[in-house]
Amino acid sequence: MARHDPRVGYGLPTILAVALHLAVVLLSVISLPTSEPEPTSSSIVQATLVSTETVTDQAQRADAARARALARQAEEQSEADEAARQAEEAAAAEQSAQEAERDAQRLAEEQAQEEARLAAEADASRRAEEAERQAQLREEQREQQAEAERQRQRQAEQEAERQRQADAEAERQRQAEQEAERQRQAEQEAERQRQADAEAERQRQAEAEAERQRQTEAEAERQRQADAEAERQRQAEAEAERQRQAEAEAERQRQAEEQRRREQEAQREADEAARRAAQESEAALQRAIEGERDAAANARQGQEAANSFINLVRRAVEQAWVIPPNVPGGATAEVAVRLGPSGELFGASITRSSGDSAFDRSAIQAVEAAAPFAELRQLPANLQRDYRQFNLRFTPGDVR
Amino acid sequence: MKALITSWLTAMLLMFSGVAQANLTIEITRGSDRATPVAVVPFAGGDDFPEDVAQVIHDNLERSGYFDPLPRRQMLDRPSESGEVRYGNWRSLDVRYLVVGRASREGNGYRLRYELMDVSGERRMLGEVVTADQNELRGAAHYISDQIFEAITGIRGAFATRIAYVTAQGVGDNMQFTLFVADADGRNSQQVLSSREPILSPAWSPDGRRLAYVSFETERPAIYIQDLASGQRVRATSFQGINGAPAWSPDGRRLAMSLSKDGQPEIYVMDIASRSFDRITNSSSIDTEPDWSPDGRSLVFTSDRSGGPQLYRHDFASGQQQRLTFTGNYNARGRFSPDGEAIFLIHRSSNGFQVARQDLDSGRLVTLSDSRRDESPSVSPNGTMVIFATQQGNSGVLGAVTADGRASFRLPSASGDVREPAWSPFLN
């Protein structure tokens, strides 16, 4: 990320210069039709107005372009105020652009002073070209610098890689971050220098060289420190590992103890629960929490009792079901059944209609005729509640 | 630690299985296809009436094939209104629906109050007061039967409809043919026409006010249209040869028929107002017994163009004719079900000629009746019953079978040979 900063810094002036250039060219092109002075006769005011409008519009666009260029320049200036000491050419370009701006404004307002404007244009053009050349020059310098920077970066990365292999992971991370930080600082420094020494290229290269040298030395120093740190880290970790193993062993013993205690506890509670089971409505859930063996056994027993109950319900309802004639093929009705504690019918309602009222009613009647389902009382007490609500799906096989 | 996790998981498992139990669904796939047990308690106060209203209702429900009414002698008590009903009594008799009522005289007529109860649900489903003129007591009983039938089955009742049929008495030159119209239960018959020559193929107009039929009274068959209320009639066709099998279009403005005026019997459609004819079939074979689909867009008819008699369908829009029946070598006299989804017909199997139903979608043919010499099926307007002529001993009688073949019965026998029954449309 830090590597891209210089590019951005020089990109804007380049764009600015090109934009300015374009603006000037545009202005010179579009101003030609307006070179004839407008007659001041009031008899052709309308024609004049049209023409003026056209020209004004074009001038406004030129103004806008210039204004944008100006804005970008101002932006650039604000971004890099250390670069206030920028090349005089840039300042001159700005000044000339402002001058051109003023000229253009005058032109747009008065439609006179064409020569002065042309001169300003030529001047602006020349200065813009100059600025562009300067910008290109700076761009080349910047790229050379960036290449050198990338070179340093690669070295630094190789260095960091070696360190990473040597160091523990956390340490490596921190080291790399410090490295990156130093790098960024170094780059900022280089950047400042580059901006300050826009004209003194060779001097700045020398400084950059010195900077590389310093960097390399700092690198060597950091590596030495890092090696020493890594060694300390390894020792500390080995110590910590020994500590952890000891603690884990203690924890395992504690857990084993805990487990034995809890299992004995569970066993006691399971026995207790078995005695209580008959009175407890939530017994199944409680027992499940208290002991899995007990719960599994109960579930098996409960399932058998439940299956028996389901079969009793099915037989009773099927026996009571009188299927009406002319049932449409594929007719299915679902009935939700609610039972009282003794298996008496609290309610039977259609939850999914067959679309045939006679068929729906035959299903309801089958349930009503088959009720009460006193077999509910034969279920384990804890299951009775679960089976007081169920659905019946009526689907006739072959009726005929 | 591990034990704690295990017990926690077990608890969760049980909780989920508890949820599953709350949504437990038991599949019910077997049931009885017996008729639904009902009871019609004799109406209180109707002992000296000319008709036993409760018995008429009882018989109607029984004949529908849908219901199995409880014999009166098995009744534990005889409530006459819902407040008096002890549901436990009727539950113990496995009665699902109960009809109670009270009858009284009102002026020259009668006042009937009835209620229908769902016994297992202990709900009152229906209650109404019906008044009837002196001669309409049976009609009122049929009306009540219709209401009960519809309340329970969801299907409109057809007890208050009528049937037309022809009887033949005597032998040789002393034959006497009579066209009757009677209640759907065969009672209350009225003579429409009597002739020494044969009468055939009565057909009800869609409004139930007129009959078209074939009479040989002029020594040549002719098709007549007779108004039932006034007795007035007109001769519709009297061409050379056969003039037979009239069938009304659903809109009542046209008659399809079979005429042999151009050679073989062919199907024609006559516009009743203009007396203009459209020839529908054109083959060297016999084409007869047309019947209109309920939507009026096609005709079914019998043709022996493939050798033996089979049913074909003529589509008016396309003019195409398509063979419908392929089961066996004899299928004739097709009649559409009111919903247009099936055709009732006479099918010859190894057991003889029987009433059968063919589903038009699947093409599946199911034999309905168990007699051997059935003919002229006619469908009730609600599609639940088929009436037909059959032989009992040496004489013709009327039989009826439910549209699914579950129940069948004989109609009370009029004297002589009975043939050519035709069920009316709904009349109210």
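Chain A is the first sequence line, chain B the second, and so forth, proteins listed ahead of strands; every chain is numbered from 1.
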If you tally heavy-atom pairs under 4.5 Å between each of B:T153, B:I152, B:T384 and chain A, the highest tally belongs to B:I152
Less than 4.5 Å apart, side chain to side chain, heavy atoms only: is that true for B:D118 and A:Q365? yes
Tell me, do A:T395 and B:I28 make a side-chain contact under 4.5 Å, heavy atoms counted? no
Closest non-hydrogen atom pair, B:I26 against A:F390: CD1-CD1, 4.0 Å
Can you see which heavy atom on A:A369 is nearest to which on B:S120, and at what distance? N-CB, 4.3 Å
Among A:Q319, A:E334, A:R361, who wins on heavy-atom pairs under 4.5 Å with chain B? A:R361
Any idea which of A:A336, A:S362, A:A358 has the most non-hydrogen atom pairs under 4.5 angstrom with chain B? A:A358
Can you tell me how far apart OG (A:S357) and CD1 (B:I155) are? Round to the nearest 0.5 Å. 8.5 Å
I would like to know whether A:I310 and B:L24 meet side chain to side chain contact (heavy atoms under 4.5 Å, CB included); could you show each step before the answer? CA-CA 9 Å; A:I310 289 169; B:L24 168 72; 3.7 Å; yes
Any donor-acceptor N/O pair, [X] side chain to [Y] backbone, under 3.5 Å:
X      : Y      : answer
B:R34  : A:V322 : no
A:E318 : B:R30  : yes
A:R314 : B:E27  : yes

Has [X] got more than 12 heavy atoms of other residues, nucleotides or ligands less than 6.0 Å from its [atom1]?
X      : atom1 : value
B:R364 : CZ    : no
A:R377 : CZ    : no
B:R372 : CZ    : no
A:R174 : CZ    : yes

Let me know if B:F67 has heavy atoms under 4.5 Å from chain A in its side chain, its backbone, both or neither. neither
Could you look at B:A407 and say if it's the side chain, the backbone, both or neither that has a heavy atom under 4.5 Å from chain A? neither
Ionic contact status for B:R96 with A:E368, cut-off 4.0 Å: no
If one checks every heavy atom of A:A320 against chain B at 4.5 Å, the contacting part turns out to be both
